[in-house]
Amino acid sequence: MTGVIPMTARRSSPRRPSSSQLLTRVRDRSPGLAAGLVGGAVAAGLGLGALTVLVMVLWISSPYPDSGPGGALHVAAALWLLAHGVELVRADTLSGVPAPVGVTPLLLSVVPVWLVHRAARDAVDADDDGVAPPVSARTAWAGVVLGYLTVGAGTALYAAGGSLRPSWAWTVLGLPTVVALSAGTGVWTAYGRPLGPVDRLLRLLPPGARRVLLGPRGREKFLVAVRAAGAAVAVSVGGGAGLVAVSSVWHGDVAREAFLRLTEGWSGRCAVLLLCVTLVPNAAVWGAAYALGPGFALGAGHGVGPWVSDPAPMLPPFPLLAAVPDAGAGTPWNWAAGVVPLAAGMTMGWFVGRGGMRWSVRRTAVIAGLAAAVCAAVLAVAAGMAGGPLGVGVLARFGPVWWQVGGAALAWGVGVAVPVAVVVRVCGGWVARWRTAAATKAVTKAAAKAAEEASRALSLAEARATASRTTEASRATPQKAALPKATEPSEATAAKSSTPAKPSKPSKPSGPSKSPRTPVVAPRDGVTLRKKKVTPVAPEATAPPSPRPVPHPKESEAYDLLPADEPVEDVWRDEALRARWDALRDELRQRAPEPVAPANTEPEPPAAKAEAEAEPPAPPSPQDRGTS
């Protein structure tokens with residue numbers, strides 16, 4: 001007897017993974033995390049290297065450098081941190097008091113933000129459709145953020161030994177925030193922009209706004225509000241840039257003099273020109289703040305707005321500062337700057353009204369208010385980044401104040417965008433109904449016209465078909481001759497009928513007797529031959545009728561000529577064919593046997609006489625001859 005050894009497989013506890021599972025997880029996760037770390041470090045190195053090359057080129061081209069290569073590298077590291085929103089502190093001042101530098105060039109910030117976004121998107125390593133990426137979102141995001149912050153921390157430590165030192169509070173708060181947000185947008189883009197994270201962010205809103213946005217079609221409403229807010233921000237910033245350009249042209253002499261006085265060498269002028277270009281977005285935000293009403297500050301206690309302008313008396317000569325309006329009360333030209341927020345509010349309302357055609361008027365007004373809030377938040381953040389301190393004392397406030405700009409933008413949005421959105425919604429509904437009615441009327445009219453044309457075409461087709469069938473029938477069917485109409489007897493018939501016939505008993509007709517038919521006469525053009533009907537008369541019971549004379553064949557050619565509906569084509573146009581049929585007809589007449597009286601004296605029944613008087617078979621038509 002063979003023994004059987006039972007074998008059982010042991011299963012590891014789910015709470016306590018085995019060593020093989022841990023190794024598998026580490027092996028699966030380590031490539032993604034390592035790729036993210038490398039990608040973040042490379043992104044930070046690219047931004048820092050590009051800025052370092054630019055600073056070194058300007059330092060080499062400067063005729064009077066203030067420091068050596070170490071000082072230029074420290075300045076490059078400080079500017080790289082400033083591009084991330086980190087506030088710097090200038091230590092070598094004349095008074096010995098450190099002066100903060102918090103104005104961030106917005107155009108300079110685009111480069112590091114774009115590099116972090118691109119690194120996070122590439123770290124996910126998603127497929128083309130973005131359905132099943134091999135690296136998880138948290139792994140890719142953490143790797144990029146850690147790699148970038150590692151390089152940022154080393155750069156901050158290196159910049160702390162220069163003349164422009166980073167503020168450690170801003171370094172700890174500002175740099176990780178910018179990197180984390182940029183990497184998050186990159187991972188979100190790599191996953192196909194899912195709406196799950198957006199819903200989780202919307203749940204942080206107040207209950208009223210959350211009920212509106214997370215209700216039926218909440219995502220659609222939120223997207224409409226975001227698009228409207230984006231359009232309003234673009235109009236506001238673009239209008240601010242237009243105001244700066246117009247004011248710079250108006251004060252062109254002052255701007256040119258400031259540019260020439262600031263430096264003399266071409267390398268210095270190139271540096272000033274590059275600085276002006278990087279500060280153009282800041283100037284556009286300042287112009288938008290000026291148009292909204294609060295304006296901006298050029299020092300503590302010196303505000304510049306459309307109603308009143310009071311710039312600081314001691315300002316450094318800078319080309320962009322030449323666009324500041326003159327001191328004094330505002331003029332109608334200054335008040336005309338209000339067209340910018342008005343246009344932005346109308347644009348926002350138009351976007352909301354056009355996107356909310358299926359909503360109620362109340363819901364449209366709520367979405368317009370939400371769009372105004374989003375626009376105000378974006379402009380407030382932009383104003384906070386575009387301004388900042390440039391020193392202590394008077395220069396402690398330089399640029400627009402973020403909360404003033406946000407409040408003014410919200411007021412303009414609610415006051416302009418909400419009514420415009422409601423009007424566009426109502427008028428759009430009227431226009432949609434009018435267009436629907438007009439389209440329905442046009443379609444109905446076109447359908448009726450098409451039906452009428454189809455009926456007319458059908459009638460014409462039927463008429464043509466009837467005419468064609470009539471013509472074909474007239475060509476294919478031989479013409480039938482009518483019964484003789486004349487009753488006058490001929491001479492031969494009268495001579496034979498003069499002899500009295502012997503009376504005889506009437507006999508029952510055995511059947512219809514066949515007799516040669518009368519030959520057909522050729523029809524004339526435009527007429528149709530119709531044969532007259534003959535009704536047989538029953539014989540009298542008392543006395544047999546006298547025998548009727550048989551008419552001569554020539555006298556049986558009487559026809560009723562009736563006008564045809566359409567002219568019949570003459571098939572006897574050929575004279576030779578006509579002569580042939582005439583000769584054949586005469587021969588048939590000569591061969592026709594003369595009627596002989598019956599041997600008995602009983603008269604022939606009228607039915608038999610009618611059959612005897614029937615016409616001979618008609619000659620075949622040309623079509624029949626062709627068929628045979």
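Note that the numbering runs from 1 along the sequence shown for the chain.
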Measuring from atom [atom1] of [X] to atom [atom2] of [Y], what distance do you get when rounded to the nearest 0.5 angstrom?
| X | Y | atom1 | atom2 | result |
| --- | --- | --- | --- | --- |
| Asp326 | Trp250 | CG | CH2 | 10.0 Å |
| Arg425 | Trp350 | CZ | CH2 | 15.5 Å |
| Thr155 | Trp80 | OG1 | CH2 | 4.5 Å |
| Asn334 | Tyr290 | CG | OH | 3.5 Å |
| Leu321 | His251 | CG | NE2 | 12.5 Å |
| Leu149 | Thr171 | CG | OG1 | 11.5 Å |

Would you say the side chain of [Y] lies within less than 4.5 Å of the side chain of [X], judging by non-hydrogen atoms?
| X | Y | result |
| --- | --- | --- |
| Leu164 | Val89 | no |
| Leu379 | Leu292 | yes |
| Pro105 | Leu82 | yes |
| Phe318 | Leu279 | yes |
| Arg269 | Leu273 | no |
| Leu107 | Val280 | no |
| Trp333 | Pro325 | no |
| Val86 | Val178 | no |

Considering non-hydrogen atoms only, spot the tightest contact between [X] and [Y] and give its length.
| X | Y | answer |
| --- | --- | --- |
| Gly287 | Leu243 | O-CD1, 3.9 Å |
| Ser182 | Val116 | CB-CG1, 3.6 Å |
| Ala137 | Val187 | CB-CG1, 3.5 Å |
| Gly39 | Ala119 | O-CB, 3.7 Å |
| Leu106 | Ala386 | CD1-CB, 4.2 Å |
| Ala99 | Val392 | CA-CG1, 4.4 Å |

Phe398 vs Trp286 aromatic rings, parallel, tilted or perpendicular, using cut-offs 30° and 60°?
perpendicular
Kindly say whether [Y] contributes a backbone atom to a donor-acceptor pair with the side chain of [X] at under 3.5 angstrom?
| X | Y | result |
| --- | --- | --- |
| Trp335 | Trp307 | no |
| Ser109 | Ala83 | yes |
| Thr278 | Leu275 | yes |

Start with the C-alpha distance between Leu370 and Val352, add both sets of side-chain angles, then the distance that settles side-chain contact (heavy atoms from CB on, under 4.5 Å), and finish with yes or no.
CA-CA 10 Å; Leu370 177 63; Val352 174; over 6 Å; no
Taking atom [atom1] of [X] as the centre, does the number of heavy atoms from other residues, nucleotides or ligands within less than 6.0 Å exceed 12?
| X | atom1 | value |
| --- | --- | --- |
| Arg193 | CZ | no |
| Trp168 | CH2 | yes |
| Met56 | CE | yes |

List the steps and the verdict of side-chain contact (heavy atoms from CB on, under 4.5 Å) for Val285 and Val405.
CA-CA 10 Å; Val285 176; Val405 173; over 6 Å; no
